[in-house]
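Every heavy atom of this structure was used, including side-chain atoms; hydrogens, water molecules and symmetry mates were not. In what follows, chains are A, B, ... by sequence order, proteins preceding strands, each numbered from 1.
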Number of protein chains: 2
Amino acid sequence: MTKKITISDVAKKAEVSKSTVSQFLNERFDYMGDETRARINKAITELGYQPNVVARSLKLKSTSTIGVIVANILHAYSTQVIRAIENVCNENGISTIICNADDNPQKERKYIETLLAKQVDGLIVVPLKGNLEIYKKLLKQDFPIVFLDRLVEGLDAETVILDNERASELAVNHLLENGYKKIAIVTASLTDSVTPRIERINGYKKALEKNGITVQEEYIKGMELDSFDQGLDELFSLDIKPDAIISGNDLSLMEILKYTFENDIRVGKDTGLITVDEVSFGPIHSPPLTTIAQPTFEMGMEVATILLDKIKDKKLKQDSVVHRHEPSLIIRNSTKKEGEPSE
Amino acid sequence: MTKKITISDVAKKAEVSKSTVSQFLNERFDYMGDETRARINKAITELGYQPNVVARSLKLKSTSTIGVIVANILHAYSTQVIRAIENVCNENGISTIICNADDNPQKERKYIETLLAKQVDGLIVVPLKGNLEIYKKLLKQDFPIVFLDRLVEGLDAETVILDNERASELAVNHLLENGYKKIAIVTASLTDSVTPRIERINGYKKALEKNGITVQEEYIKGMELDSFDQGLDELFSLDIKPDAIISGNDLSLMEILKYTFENDIRVGKDTGLITVDEVSFGPIHSPPLTTIAQPTFEMGMEVATILLDKIKDKKLKQDSVVHRHEPSLIIRNSTKKEGEPSE
DNA sequence: CTGAAAGCGCTTACAG
DNA sequence: CTGAAAGCGCTTACAG
């Protein structure tokens, strides 16, 4: 590597002080005469000078960078939300460092530490169970942080999250309206009491009750992704089989579709199917899949906007507001008993 | 924010100099007595001290961070390769900053500049057309950079890339073996001569010729994703329609599936279909989709390993090696004329 | 309008 | 074994 040009080189070449060059870089042009300005400009382009933002960050105690830690990047939700976050950050001249905790609290912890050591100006996190103390510490020192998708038990923090109960309600009502009566719900593991899963099940129960239907506990399945086959076997071996399934998210949907495919269960005909999370292949699946879409773009925008506001306005105390977003129903054919085309 | 603890605070508390604390932080314990070491350790934990890596980076002229710029994050290829890159970087204590150029050379240029200003130690880029000069400049100053997925015309740089011609050959041979005779290839726009698209078409032509089949130019379609409908209309209005389609990548596959779905063209029966890029729903689509998988994980590992080696070993001149990776054929039912189950 | 000086939080020769 | 000093490349009062 050829050696880097620094502000000193520019100052020397333009025959001014470093201070003045710095003022130029920060566009405070009234701090210098027109010809000085021109000289500096010339020197910069001739030398191909690029400021070193590491030095700048050190001095300013701000890196114009935020960290985003998602629990699991495999969810389409994560990538979509991340894209929205990046959009608003970009527009504001903020860089983002994305980290995938891979559902592992240790990893998450390590990422938080690394990001803090890197002096990020703020953090967006889809939290995992087990790092409560760290979150608390950060909140106590008023470090800018906003949570996404999940509530943390015992923590009073600003969070952007889906109205999960409403999502289930949409699903249940839609299924009932289409003549399904024995509705099951299948989600990923409940052992870590991940908010969306818990709330979606609660919403499912409430919606059934509202419709005067008794909740059957056997119709509620929460399990690790790799034991879906077994769980679905159980479900479909019940004396009274369900006639429709609500899938908790996109990853559980994949497992369900694998299962129905392998076991020749015809979606739509043999079982209704609706999933939370819109999926890319929803419209082209046969039958096309009815889904409950999350407004991922909106949610990403909001969480980023909140964080950037917090960063700008440091005095702004952490207010522990929970921002709920509305899911929306996308009706396609997997919830039509006859499986006839919708057009 | 409560004020940050610095190395000075630790030094004061432990009653040693900053130098010694620094030696401690860098685990050079033979530079101090055992009790000194213990005192420092105590001070650090009591104060909850976290080193500031920005300051460290400034001094060391190394940020332990690399930048990754992908042309378009929407490709499954991008996200998979990124995950592999992150894995090897993580293992080596290197952070990654991911940027999505969104097929926009200006954006790519801006990202490169931002990343350089942030003093990243190296760059992995899936290049776009139009930034040749920047690449050249970086290579000339021996800045560690490795390219991925695409060759840059006029540039002699280390690149990790699929054996795209082989991918097409696999596809063509497989289709021919399964009785398809009139094979078309459909890819995203060719106007920017993106390497994989060009090479896949070349490979397609070569493979046909090798099999003694004349190339029909009408069977080769390269177009923007949003004009696929029209292009496919043309294709299926030909006097002699193709009986099989090779899809250039995952995004073009989506368009093709949308088209066949909307036009009631039965994949497998009415037209064979094979795509480069394995897709999540491949196995559960009806019919299940035959694909040509890229070894994305391997490719990500290799590109990261090469870059980290370059960074470690600065003298290592840029060697312009092109590392080709083998695609593999995953046979499923979309290339079976009868559409019968494969089991 | 311009510059000298101090300082951001580290690291690393160097001296003792 | 330990510390004082210089320096990484910036920014920003402050003085003139």
Side-chain angles (χ1 to χ4, degrees), chain A residues 1-41 43-44 47-65 113-114 116-121, chain B residues 1-41 43-44 47-65 113-114 116-121:
Chain A
M1 296 262 329
T2 59
K3 85 168 219 328
K4 293 256 175 165
I5 313 287
T6 73
I7 200 172
S8 299
D9 301 316
V10 176
K12 213 167 294 166
K13 177 133 191 167
E15 297 180 297
V16 294
S17 73
K18 292 191 297 172
S19 325
T20 306
V21 177
S22 176
Q23 302 293 17
F24 178 96
L25 294 175
N26 290 286
E27 300 182 320
R28 292 188 278 261
F29 299 126
D30 28 338
Y31 279 59
M32 69 202 72
D34 279 355
E35 45 170 351
T36 312
R37 175 174 172 179
R39 275 213 314 285
I40 295 174
N41 193 43
I44 287 177
L47 293 169
Y49 168 71
Q50 296 271 45
N52 178 329
V53 311
V54 172
R56 180 163 214 270
S57 297
L58 177 59
K59 180 65 192 177
L60 295 187
K61 291 162 168 301
S62 154
T63 51
S64 294
T65 302
E113 281 165 4
T114 307
L116 291 178
K118 277 183 177 294
Q119 313 298 116
V120 293
D121 295 340
Chain B
M1 296 263 326
T2 57
K3 83 166 222 330
K4 293 255 175 166
I5 312 288
T6 73
I7 200 172
S8 298
D9 300 317
V10 176
K12 212 167 295 165
K13 178 134 191 165
E15 297 180 296
V16 295
S17 73
K18 291 190 298 171
S19 326
T20 308
V21 177
S22 175
Q23 302 293 15
F24 178 96
L25 295 175
N26 290 285
E27 300 182 319
R28 291 188 279 261
F29 299 126
D30 29 338
Y31 279 58
M32 70 203 70
D34 280 354
E35 44 169 351
T36 312
R37 175 174 172 180
R39 274 211 315 285
I40 295 175
N41 193 42
I44 286 177
L47 292 169
Y49 168 71
Q50 297 271 46
N52 179 328
V53 311
V54 172
R56 181 163 213 271
S57 297
L58 177 59
K59 181 64 193 177
L60 295 186
K61 292 160 168 301
S62 154
T63 51
S64 295
T65 302
E113 281 165 4
T114 307
L116 292 178
K118 277 184 178 293
Q119 313 297 119
V120 293
D121 295 340

#### Entry: Where DNA chain D forms stems, i.e. three or more consecutive Watson-Crick or G-U pairs with both distances under 3.5 Å
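Counting only runs of 3 or more consecutive pairs, the stems involving DNA chain D are C:1-3 with D:14-16, C:5-12 with D:5-12, C:14-16 with D:1-3.
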### Inter-residue atom distance R37(A).CZ - T20(A).OG1, 0.5 Å rounding
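Taking CZ in R37(A) and OG1 in T20(A), the distance rounds to 13.5 Å.
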### Query
Could you state the interatomic distance from CG (N41(B)) to CZ (F29(B)), rounded to the nearest 0.5 Å?
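Between N41(B) CG and F29(B) CZ, I get 8.0 Å after rounding to 0.5 Å.
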By the 4.0 Å heavy-atom rule, please label [X] as base, sugar-phosphate, or nothing.
| X | answer |
| --- | --- |
| R28(A) | sugar-phosphate |
| V54(B) | nothing |
| Y49(B) | sugar-phosphate |
| V16(A) | sugar-phosphate |
| S8(A) | nothing |
| S57(B) | nothing |
| L60(B) | sugar-phosphate |

### Query
What nucleotide among dC1(D), dG9(D), dG9(C) has an atom nearest to a side-chain atom of T6(B)?
dG9(C)
### Message
Checking contacts here: which listed nucleotide (dA4(C), dT12(D), dT11(D)) is nearest the side-chain heavy atoms of S17(A)?
### Response
dA4(C)
### Query
Taking only residues two or more places apart in sequence, or in another chain, which ones meet K59(B) in a salt bridge (Lys or Arg N to Asp or Glu O under 4.0 Å)?
none
### Task
Could I get the full list of salt bridge (Lys or Arg N to Asp or Glu O under 4.0 Å) partners for K13(B), not counting sequence neighbours?
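Once residues adjacent in sequence are excluded, the partners of K13(B) under the salt bridge (Lys or Arg N to Asp or Glu O under 4.0 Å) criterion are E46(B).
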In whole Å, I'd like the distance from the [atom1] atom of [X] to the [atom2] atom of [N].
| X | N | atom1 | atom2 | result |
| --- | --- | --- | --- | --- |
| K12(B) | dC10(C) | NZ | C1' | 15 Å |
| N52(B) | dT11(C) | CG | C1' | 13 Å |
| I7(B) | dG3(D) | CD1 | C1' | 13 Å |
| K18(A) | dA13(D) | NZ | P | 16 Å |
| Q50(B) | dC10(C) | CD | P | 11 Å |
| K61(A) | dG9(C) | NZ | C1' | 8 Å |
| F24(A) | dG3(C) | CZ | P | 15 Å |
| R56(B) | dT11(C) | CZ | P | 5 Å |

### Query
Would you find a donor on one side and an acceptor on the other, under 3.5 Å apart, between the side chain of N26(B) and the backbone of S22(B)?
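Between the backbone of S22(B) and the side chain of N26(B) there is a qualifying donor-acceptor contact (under 3.5 Å).
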### Task
Please check if the side chain of R39(A) supplies one atom and the backbone of A14(A) the other of a donor-acceptor pair under 3.5 Å.
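Between the backbone of A14(A) and the side chain of R39(A) there is a qualifying donor-acceptor contact (under 3.5 Å).
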### Query
Do the side chains of K118(B) and T65(B) get nearer than 4.5 Å, heavy atoms only?
no
### Message
Any side-chain N or O of S19(A) below 4.0 angstrom from OP1/OP2 of dT2(C)?
### Response
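No, S19(A) has no side-chain N/O under 4.0 Å of OP1/OP2 on dT2(C).
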### Query
At under 4.0 Å, does any side-chain N or O of N26(B) touch on OP1 or OP2 of dT11(C)?
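For dT11(C), OP1/OP2 do have a side-chain N/O of N26(B) under 4.0 Å.
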#### Entry: V21(A) vs T36(B), nearer the 5' end of DNA chain D by closest nucleotide
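Residue closer to the 5' terminus by nearest nucleotide: T36(B).
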### Task
Would you kindly check whether a donor in the side chain of K59(A) faces an acceptor in the base of dG9(D), or vice versa, at under 3.5 angstrom?
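In this structure, the two groups form no donor-acceptor pair.
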### Closest non-hydrogen atom pair between I7(B) and Y49(B), with its separation
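Heavy atoms only, the tightest pair is N-CE1, 3.6 Å.
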